[in-house]
Amino acid sequence: MPTLADILYEFSVWHEIGGSPFKPRAYALAAESVTALGSDVKDTWRTGGVKALVALPGIGRSIAEKIDEYFRTGHIKEYDMMKKRFPVDITGLTRIEGLGPKHLAELYRRLGITDLAMLKRGLTRHEIRSLPGWGVKSEERLAKNLALMERSSGRHLLSEILPMADDIVAILSKIPGVRRCVYAGSLRRRQETVGDIDLIATTDTPARVMDAFVALPLVEAVHEKGKTRSSVRLRNGIDADLRVVPDEVFGATLQYFTGDKRHNVLLRERALSKRLTLNEYGLFRLAKKKMGERLACATEEDIYARLDMETPPPEIRGGGDEIEAAWTKTLPHLLPYGSVKGDLQVQTDWTDGSASIGDMVTAAKAAGLSYLAVTDHTKALAFIHGLDDVQVKKQGRAIDALNRKLRGFRVLKGTECDILRDGGLDLKDSTLASLDWVGVSVHSLFNLPRKAQTARVVKAIANPNVDCLFHPTCRIIGKREGLDLDMDEVIAAAKKHRVALEIDAYPDRSDLRDIHVRAAVQAGVKLAIDTDAHTPDHFRFIPFGEAIARRGWATTADVVNTKSAKDLLAYLDKKRKRRVS
DNA sequence: GCCGTTTTCGGCCCGACTGTTTTCAGTCG
C-alpha cells in the first residue's frame, strides 16, 4: 500500500487529468501537509479522530474522512476504484521532470504506458514523438529527464548541502555583473533535508550572468536556460536553480523563492484580499484586475509590513499558523544563532569518541563554547566498552583535575546512561546523583510496541536523577524510522519530572525534530541543543541544532544550554535536592 | 475540496520556460 502522502498526491494528479479546476490544488496541499507532519498524522488521528484531522492545515471534512478510512482499514475505496480505471504508477512517473498529469493521461490512453519500464520501451521505439502535441524534441527531452531522474541522488541532509551552497554562492558572486547573490528555498528555511539549491542573483546584465552560470565547470547538464531563470544538474547529482532579477527587487524575489509554497499561497491570497497582488517583482496595487503602482520590493520586511504583518523568520515559513501570528503581531522572538553556550552531549575516547576530553575541550573552545558535558556511554553498550559505575567515578576524578587547570571553561561530569528494557537505568542511582548532568537514551530494542516503548521511556525519565532525554525518538534519517512513542505522553512526563528533551544536532539524527520541539515548547518543557560530538570536528553541528529549535518556535528561555555554566548548574541544583543517592 | 479580518458561499497565486504551437498548453517552483 502506498503512503498516505502518495495517495493524496495521486488524487491530485487524477483530478487534474479529470479537468477539475480546484480539487487538484486541494489534494496537493493536503499531501504536502501530510508530508510535513510525517508520522504525527497518525498520532493526531489516534488521539482526536476525524475532528482533529480537520484542524490540520489543508485538510477538511472530505479528505479527513479518507485519511480516517486509510488508518482504519488500510485502504481507501475511492482510491482503489481510481487505480482500477487508471492503473498508472503516478508517483513513480511524475518523478521525471516535465512529466505531469496531462502527459501521463495521454501516454496511458494512447500507448497504454503505466510504469517506468513501459515508458522506456515507448521511448526506444520512438512511439512518443508521434503523439499529438509531441515531437522529436519533447521525446528527447523526456528521455533525457528520465535518465537524469534515475541518476538523481534524491534529498540530502541540510548539513551536506549548506557548505556546497556557500561555495556556489561564492563562485556566482564572482561572475562579472553580479551585484548580490544568495541562496533561498528550503536551504534558507533550514529544512532538515534539501532537494535542490535555489539561488538568486541580482544584476543589470542577466544574459551574461546566465551564460556564465550554465558554463560553470560544476554544471553537468542544463535542464532549462532562459533570460531570468535557469535550472541545471550539478556534477554531484544535485539540481540547482538560478533566478536573476534587477537589484532593486531583491527583497521581493528573496521572499518569493524562500517559500515555502503554502506560505506563499496564503500570503498572496492575503494580498488579494487587500486588493494587492504579490509576485517576485514586488507587491502591487490591483486596479481593475491589472497591476498598478508598486508598493514594496526592496526588502522582505517592506513587503510583509505593507501587508500589515511582521516578517516571519524563514525557518517557520511553512504555511501554518505563522501567517496568523505575523498578522496579529505575536511572532515569538526565536532563539538567535550563536545562543548555545555549552554542549551537553559529548563522547570521548573513554568510549566511542575519537578524542581525549582535553582535545574535545580545545575544540569546543575554538567553536566558541564555554562549557561541555562529558557524556560517555554506559556498560549496556558493551561493544564500545561503555563505562560502569567505577569507571564513571574514575572519569569524574579526571574531570575534576582537568577543571582545576582550565580557565574560562568548565567541564561537567555527565553520562549518556542507557535505558534498559524495563525502563531502568544502566548506572546506580548513587552514581547518577554524583554527576552534574545526567542524560538517558535508548540504544536497544528499537521495535518495542508503542505502549511498551512509551512506558519504558517514561519510567526512565521519572527517575529523579535524570536531567535530559537524549535523542528522544532515536530516528536516523534515511536509515531508521525511530521508536514508536506517544510523544504527547513523553512530553507530559518530561514536564512533570522537569526533564529536558534534547535536540540532537548530529545531522542524520536531528532528533527531536521541529514539530516535536514545537509541542515541547507549547507544553513548557525545556530543551537542550547538543551535537552528540564523537570527534572534535562535530561542534560545527551546533547551528543545525539551533535551526531545529527555531523551526520549532523555541526562544532562548526554552533552551537550558543558552545559560552560562554557572546559571545552568544553579538551575540543576534545584533539581538535585530531589535526587536519590 | 478548502477556507473565512470580506465570506458557511463563492472565491481559489503567479510568472518563466519549453515545445509545438501561430496564441497556447503543460509543467514547475
Checklist line | Nearest-nucleotide pick for A/Phe22, side chain only, options being B/dG1, B/dT20, B/dT6 | finding: B/dG1
Item checked: Pairwise P distance for B/dC3 and B/dT8, with rounding to whole Å -> 16 Å
Margin query: Output the rounded distance in Å from OH (A/Tyr256) to P (B/dA16).
Written below: 9 Å
Check: Once you round it to whole Å, what is the distance between P of B/dT20 and NZ of A/Lys102?
Finding: 18 Å
Check: Distance under 6.0 Å and angle within 45° of the ring axis: does A/Arg294 meet both against A/Phe284?
Finding: no
Next item on the list: Identify, between A/Asn279 and A/Gly100, the residue whose nearest nucleotide on DNA chain B lies closer to the 5' end.
Entry: A/Asn279
Margin query: Check this for me: does the side-chain of A/Tyr281 come within 3.5 Å of the base of B/dG15 through a donor and an acceptor?
Written below: no
Next item on the list: Could you give the distance separating B/dG1 and B/dT5 at their C1' atoms, to the nearest angstrom?
Entry: 23 Å
Checklist line | Atom-pair distance (CZ on A/Arg95; C1' on B/dT27), nearest Å | finding: 18 Å
Checklist line | Geometric cation-pi criterion A/Lys66 and A/Phe11, 6.0 Å radius, 45° cone | finding: yes
Notebook entry, point to check: The side chain of A/Lys261 lies closest to which of these nucleotides: B/dG29, B/dC12, B/dC2?
Noted result: B/dG29
Checklist line | Nearest listed nucleotide, side chain of A/Arg141, among B/dT18, B/dT5, B/dC12 | finding: B/dT18
Check: Is A/Glu16 paired with A/Lys23 through a side-chain N to carboxylate O contact shorter than 4.0 Å?
Finding: no
Margin query: Counting the atoms with a prime plus P, OP1 and OP2 as sugar-phosphate, which does A/Pro132 contact under 4.0 Å by heavy atoms, base, sugar-phosphate, or nothing?
Written below: nothing
Check: Should the pair A/Arg317-A/Asp260 be classified as a salt bridge under the 4.0 Å nitrogen-to-oxygen rule?
Finding: no
Next item on the list: Taking only Lys NZ, Arg NE, NH1 and NH2, and the carboxylate oxygens of Asp or Glu, determine whether A/Arg475 and A/Glu192 approach each other closer than 4.0 Å.
Entry: yes
Next item on the list: Return no unless some side-chain N or O of A/Ser231 is found under 4.0 Å from OP1 or OP2 of B/dC28.
Entry: no
Next item on the list: Quick one: label A/Ser138 by what it contacts on the DNA or RNA (base, sugar-phosphate, nothing), any heavy atom closer than 4.0 Å.
Entry: sugar-phosphate
Item checked: Interatomic distance, A/Glu106 CD vs B/dG26 C1' [rounded to whole Å] -> 12 Å
Next item on the list: Can you tell me the pairing partner of B/dT8 across any strand shown, Watson-Crick or G-U wobble, with both distances under 3.5 angstrom?
Entry: none
Next item on the list: Between B/dT23 and B/dT18, how far apart are the C1' atoms? Round to whole Å, please.
Entry: 15 Å
Next item on the list: Using a 4.0 Å heavy-atom cut-off across all strands, classify A/His15 as base, sugar-phosphate, or nothing.
Entry: nothing
Note to self: Using whole Å, what does the distance between atom P of nucleotide B/dT18 and atom NZ of A/Lys225 come to?
What the structure shows: 9 Å
Checklist line | Whole-Å distance separating the CG atom of A/Leu276 from the P atom of B/dT6 | finding: 11 Å
Notebook entry, point to check: With rounding to whole Å, what would you report as the distance between B/dC14 and B/dC9 at their C1' atoms?
Noted result: 25 Å
Check: Does a donor on one side chain sit under 3.5 Å from an acceptor on the other, for A/Asp308 and A/Trp327?
Finding: no
Next item on the list: Decide, applying a 5.5 Å centre-distance limit and a 30° plane-angle limit (both strict), whether A/Trp327 stacks on B/dT5.
Entry: no
Next item on the list: Determine the contact category for A/Pro101: base if any of its heavy atoms lies under 4.0 Å from a base atom, sugar-phosphate if only primed atoms, P, OP1 or OP2 are that close, otherwise nothing.
Entry: sugar-phosphate
Notebook entry, point to check: To the nearest angstrom, how far is A/Leu131 atom CG from B/dT20 atom P?
Noted result: 12 Å
Item checked: Length of the line joining A/His103:NE2 and B/dG26:C1', which is rounded to integer Å -> 5 Å
Check: Counting any heavy atom closer than 4.0 Å, what does A/Arg61 reach on the DNA or RNA strands: base, sugar-phosphate only, or nothing?
Finding: sugar-phosphate
Check: Looking at B/dC12, B/dG29, B/dG19, which one has an atom nearest to any side-chain atom of A/Glu269?
Finding: B/dC12
Next item on the list: For A/Leu29, report the nucleic acid contact type (base, sugar-phosphate, nothing); a contact means any heavy atom under 4.0 Å.
Entry: nothing
Item checked: Interatomic distance at C1', B/dT20 relative to B/dG26, whole Å -> 11 Å
Notebook entry, point to check: Looking at B/dG1, B/dT20, B/dC14, which one has an atom nearest to any side-chain atom of A/Lys137?
Noted result: B/dT20
Note to self: What's the closest nucleotide to the side chain of A/Lys227 if the choices are B/dG19, B/dG29, B/dC17?
What the structure shows: B/dC17
Checklist line | Nearest-angstrom distance, C1' atom, B/dC12 to B/dC17 | finding: 25 Å
Next item on the list: Side chain of A/Lys23 only, please: which of B/dC12, B/dG1, B/dT27 is the nearest?
Entry: B/dG1
Next item on the list: Select base, sugar-phosphate, or nothing to describe what A/Leu99 touches, counting heavy atoms under 4.0 Å on all strands.
Entry: sugar-phosphate
Note to self: Can you see if the side chain of A/Ser62 gets near the phosphate of B/dG1 - specifically, an N or O under 4.0 Å from OP1 or OP2?
What the structure shows: yes
Next item on the list: Assign A/Ile96 to base, sugar-phosphate, or nothing according to its heavy-atom contacts below 4.0 angstrom with the strands shown.
Entry: sugar-phosphate
Next item on the list: Would you classify A/Leu267 as touching base, sugar-phosphate or nothing, given that sugar-phosphate means primed atoms plus P, OP1 and OP2, and contacts are heavy atoms under 4.0 Å?
Entry: nothing
Notebook entry, point to check: Do we see a donor-acceptor contact under 3.5 Å between the side chains of A/Gln255 and A/Tyr304?
Noted result: yes
Note to self: For the C1' atoms, the ones on B/dT7 and on B/dC2, what distance do you get once it is rounded to whole angstrom?
What the structure shows: 13 Å
Checklist line | Ion pair check, A/Arg229 and A/Asp241, cut-off under 4.0 Å | finding: no
Checklist line | Inter-nucleotide P distance (B/dA16, B/dG11), Å rounded | finding: 27 Å
Item checked: Selection from B/dC12, B/dT20, B/dG29 that lies nearest to any side-chain heavy atom of A/Asp198 -> B/dG29
Item checked: Closest nucleotide among B/dT27, B/dG19, B/dA16 to the A/Thr228 side chain -> B/dA16
Note to self: Would A/Arg129 and A/Trp134 count as a cation-pi pair here, with the cationic atom under 6.0 angstrom from the ring centre and within 45° of the axis?
What the structure shows: no
Next item on the list: Mind checking A/Val136 for me? I need base, sugar-phosphate or nothing, with any heavy atom below 4.0 Å counting as a touch.
Entry: sugar-phosphate
Next item on the list: Nearest-nucleotide wise, let me know which of A/Arg270 and A/Met210 is further upstream toward the 5' end of DNA chain B.
Entry: A/Arg270
Next item on the list: Taking only the side-chain heavy atoms of A/Arg243 (C-beta and beyond), determine which of B/dG1, B/dA16, B/dG29 contains the nearest atom.
Entry: B/dA16
